[in-house]
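Following: one structure in structure tokens, then a few remarks.
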Amino acid sequence: MPEAIKQVRIGDRALPPAVKLNDVSVVFNNFTAVKKADLEVPAGQFLAIVGPTGCGKSTLLNVAAGLLPPASGTCEIFGHPLSGINHEAGYLFQSDSLMPWKTAIDNIAIGLEIRGVKRQDALNQSREWLARVGLQSFGNRYPHQLSGGQRKRIGLAQVLILNPKLILMDEPFGPLDAQTQVLMGDLLLKLWSRDRKAVMFVTHDLEEAITLADRVIIISAGPASHVKGDYLINLPRPRNLQEIRLTTEFAEIHRTLWNDLKEEVLKAYEQGDKS
Ligand SMILES: Nc1ncnc2c1ncn2[C@@H]1O[C@H](COP(=O)(O)OP(=O)(O)OP(=O)(O)O)[C@@H](O)[C@H]1O
């Protein structure tokens with residue numbers, strides 16, 4: 001196994017993890033989507049979850065978000081059992097969550113206003129976030145007047161302005177073209193490295209997972225998915241996502257993880273052929 005990765009042992013850390021899934025199973029009607037999954041995300045860790053289509057990546061994220069109660073097993077957030085919505089978490093999903101009738105600056109400010117922050121203070125903070133995501137001169141535009149990548153940047157600011165202790169992302173850059181995906185990844189890492197919140201980042205893209213994350217877990221093909229592989233990624237930070245893909249270390253990590261993932265992808269295809 002290359003030096004830049006190593007297998008992770010779960011359960012030997014001192015601080016309460018941001019997320020701890022213990023023996024979690026999720027059942028939809030009679031279909032067991034996830035079976036007895038164990039997973040810890042330590043505070044401050046950027047964790048990427050990869051696996052073949054339909055393996056249960058979003059399901060695990062939805063359990064951590066408190067949107068989906070497990071049929072059995074437990075979910076703890078920073079050491080406390082989760083019941084109902086996870087209020088420590090901010091979410092960024094594949095689809096835009098911007099309000100079409102509000103300008104960019106108002107879309108970013110809305111979460112603070114809902115929390116009772118005075119409008120002027122919320123707008124001032126929103127302006128700072130517009131600058132951080134490189135859109136300072138786009139504050140008065142409505143979502144339909146922005147590109148897909150610009151809308152994503154507003155969405156990112158909308159989440160981060162609320163300063164969540166945990167960030168949950170479900171293929172957030174999936175709909176973007178390849179170049180914009182890389183630029184968004186660089187921006188995400190730049191913002192994340194300021195205060196290193198815990199992140200659960202779901203993606204089907206192994207390259208994206210390795211370049212962004214401190215740790216990558218591989219989920220087995222469904223049904224009854226579980227955590228199959230768990231790897232720490234010791235690539236140096238700060239990272240330039242375009243350049244890091246060209247390194248020997250990246251190639252070695254990719255080869256190792258792909259060997260693990262490939263089998264599950266093939267299983268998922270076979271199951272798809274039979275259905
Ligand atoms: N509400 C639901 N009712 C019934 N089955 C569901 C429901 N939500 C998800 N599933 C099933 O559970 C399994 C896991 O779904 P999930 O969306 O978590 O997979 P995923 O790994 O995120 O997939 P993808 O990469 O394609 O987005 C799939 O077989 C899916 O069809």
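Treat the numbers as computed from the prediction; the structure is a model and nothing was measured. When reading the values below, keep in mind they use all heavy atoms of this one structure, side chains included, and skip hydrogens, waters and symmetry mates. Whatever order the structure lists them in is the order used to number ligands and atoms, beginning at 1.
- The shortest N or O to N or O distance between C55 and ligand 1 is below 3.5 Å.
- Note on ring orientation: taking the six-membered ring where Trp is involved, the planes of F46 and W192 are perpendicular (angle over 60°, cut-offs 30° and 60°).
- For the atom pair E113 CD and K118 NZ, the distance stands at 13.0 Å (nearest 0.5 Å).
- Of the residues listed (I219, V265, V50), the one engaging C55 in a side-chain contact (heavy atoms from CB on, under 4.5 Å) is I219, and it is the only one.
- There is a protein heavy atom closer than 4.0 angstrom to atom 3 (N) of ligand 1.
- No single ILVMFWY cluster, assembled from side-chain heavy atoms under 4.5 Å apart, contains both M184 and V202.
- Within a 4.0 Å radius of atom 6 (C) of ligand 1, the protein contributes at least one heavy atom.
- Assignment of G51 to the shell around ligand 1 is not supported, since no heavy atom sits closer than 4.0 Å.
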Under 3.5 Å, sequence neighbours excluded: what are the donor-acceptor pairs made by side chains of residues 63-84?
none

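- Between G54 and ligand 1, at least one pair of N/O atoms sits closer than 3.5 Å.
- Figure legend: cation-pi geometry between R255 and W258 absent, as NZ or CZ is not positioned both under 6.0 Å from the six-membered ring centre and within 45° of its axis.
- Considering only non-hydrogen atoms, atom 17 (O) of ligand 1 lies nearest to S58 out of S58, P52, A221.
- Given atom 30 (C) of ligand 1, the protein heavy atom at minimum distance is F31 CE2, 4.7 Å.
- Among protein heavy atoms, the minimum distance from atom 19 (O) of ligand 1 is reached at G56 N, 3.2 Å.
- The protein atom (non-hydrogen) at minimum distance from atom 25 (O) of ligand 1 is K57 NZ, 2.7 Å.
- Under a cut-off of 6.0 angstrom, the local environment of NZ in K36 is sparse, with at most 12 non-hydrogen atoms contributed by other residues, nucleotides or ligands.
- The protein non-hydrogen atom at the shortest distance from atom 26 (O) of ligand 1 is T53 OG1, 2.6 Å.
- Numbered from 1 in the order shown, with element, the atoms of ligand 1 that lie under 4.0 Å from a heavy atom of T59 read 14 (C), 15 (O), 16 (P), 18 (O).
- Residue F28 has no nitrogen or oxygen atom sitting less than 3.5 Å from a nitrogen or oxygen atom of ligand 1, judged on distance alone.
- The aromatic rings of F93 and Y91 lie parallel to each other, with less than 30° between the two planes, well short of the 60° mark.
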